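In what follows, a single structure is set out as structure tokens and then discussed.
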Amino acid sequence: MSDLDQYVDSAKKGKLASTDTTVLEMVDISEPSYTRARALLLMNAQRKGDDKATRKYLDQIMLLPENQYNPVYLTDYARWHVNHAEYDKALEKATLAERYWARIAPELVFSKKAEIFEIQAAAYQGRFYKSDEDLELLSSAIKGWEKYRQHVSTKSRTDLQKRADAELARLQDIREKLQ
Amino acid sequence: MKRLLATAALALALLPGTAHAGKHFIKGTVLDRNGSPVERVNVTVAPGNVEIITDETGTFLVDYLRDEEGNRTRLSKRTEYTVVFFKVGYHEEKVTFLYKRGELALETVTLKEETIKVDPSTDNIDPSTLTDRQQDAGGSYEGE
């Protein structure tokens with residue numbers, strides 16, 4: 001058991017004490033446990049819904065070259081961008097995450113791919129909303145949600161299918177109004 | 001084409017002494033949450049089969065409707081109408097009101113921007129275990 005294992009449970013709940021945070025932040029980039037420490041801080045920030053800290057720890061994790069093609073961190077980064085209406089950056093990160101999906105642990109492949117596809121669809125949708133009724137972007141958003149829907153239907157995730165169906169219905173309604 | 005005609009109709013209608021000489025019309029303004037006018041908002045009136053768009057000041061004016069045959073008709077007195085405001089990138093808004101007669105200025109309509117959010121994964125995993133998998137897989141990292 002490594003020294004950092006003691007922080008896992010608290011980080012998962014978003015309940016790291018400030019002293020724990022300080023200890024983890026003191027792990028230097030030159031130390032082997034740097035990524036693990038920052039990953040725990042990231043998880044804690046995400047669970048707390050601390051947007052600023054989430055971005056800070058993602059930036060710190062990405063300082064190491066070996067993390068820059070990690071699909072899990074790329075997905076987290078892409079989500080951060082899409083939720084801040086930075087759709088081009090979100091698409092860039094999500095596309096990179098999709099390219100390196102084979103590095104995802106087998107038990108996480110389904111959920112991480114679902115996240116990647118959801119972010120891509122949402123990013124196209126966001127770009128469409130910001131556009132001047134660009135029908136090509138609308139078409140890309142619809143294709144994105146169809147891809148997501150197809151993926152989540154492989155595991156009979158009706159909750160996720162409903163999410164896709166709601167967005168598809170919204171976009172198809174817009175398409176009808178624009179035609 | 002329909003929109004161009006509607007814009008032209010709106011422009012004519014705003015000229016004094018022309019299209020709304022009879023002074024039976026409804027008008028209003030569409031703003032965003034910052035108080036800036038929103039142009040090219042699609043405004044439909046039901047019943048009435050009329051579709052117009054707002055101008056660069058976010059203003060619209062409806063001084064005629066169309067019957068089932070497509071002929072122009074006046075706004076009917078003491079009738080309830082619903083106006084729907086639609087623009088890509090904004091939440092649709094609806095306003096229902098009772099039109100009595102003459103001129104009616106609707107309250108300013110404020111459109112909210114559409115946003116799309118992606119919730120974090122509910123996977124309750126220790127992310128730091130994931131780097132091990134990469135190293136086990138023997139993958140090389142670009143940029144190294």
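Only this structure's heavy atoms are used, side chains among them; waters, hydrogens and symmetry mates stay out. Lettering follows sequence order; numbering is per chain, from 1. Note that the structure is a prediction, hence the values are computed from the model and not measured.
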Answer with side chain, backbone, both or neither: which region of [X] has an atom nearer than 4.5 Å to a non-hydrogen atom of chain B?
X: A:R38; result: neither
X: A:A122; result: both
X: A:R170; result: side chain
X: A:D76; result: neither
X: A:E107; result: neither

Any idea which of A:T75, A:T54, A:L138, A:D132 has the most non-hydrogen atom pairs under 4.5 angstrom with chain B?
-> A:D132
Specify which of A:R163, A:K130, A:H84 makes the most heavy-atom pairs with chain B at under 4.5 Å.
-> A:R163
Any side-chain heavy atom of A:K52 within less than 4.5 Å of one from A:K56?
-> no
Check the angle between the aromatic planes of B:F60 and B:F85 and answer parallel, tilted or perpendicular using the 30° and 60° thresholds.
-> perpendicular
Parallel, tilted or perpendicular: which describes the rings of A:Y148 and A:W145, with under 30° parallel and over 60° perpendicular?
-> perpendicular
For this output row, return yes or no: ring centroids of B:Y99 and B:H24 closer than 6.0 angstrom.
-> no
Take B:V83 and B:T44 through the test side chain to side chain contact (heavy atoms under 4.5 Å, CB included) and record every step on the way to the result.
-> CA-CA 6 Å; B:V83 181; B:T44 54; over 6 Å; no
Contact origin within B:E92 toward chain A - heavy atom pairs under 4.5 Å | side chain
Between the side chains of B:T82 and B:T96, does any donor sit under 3.5 Å from an acceptor?
-> yes
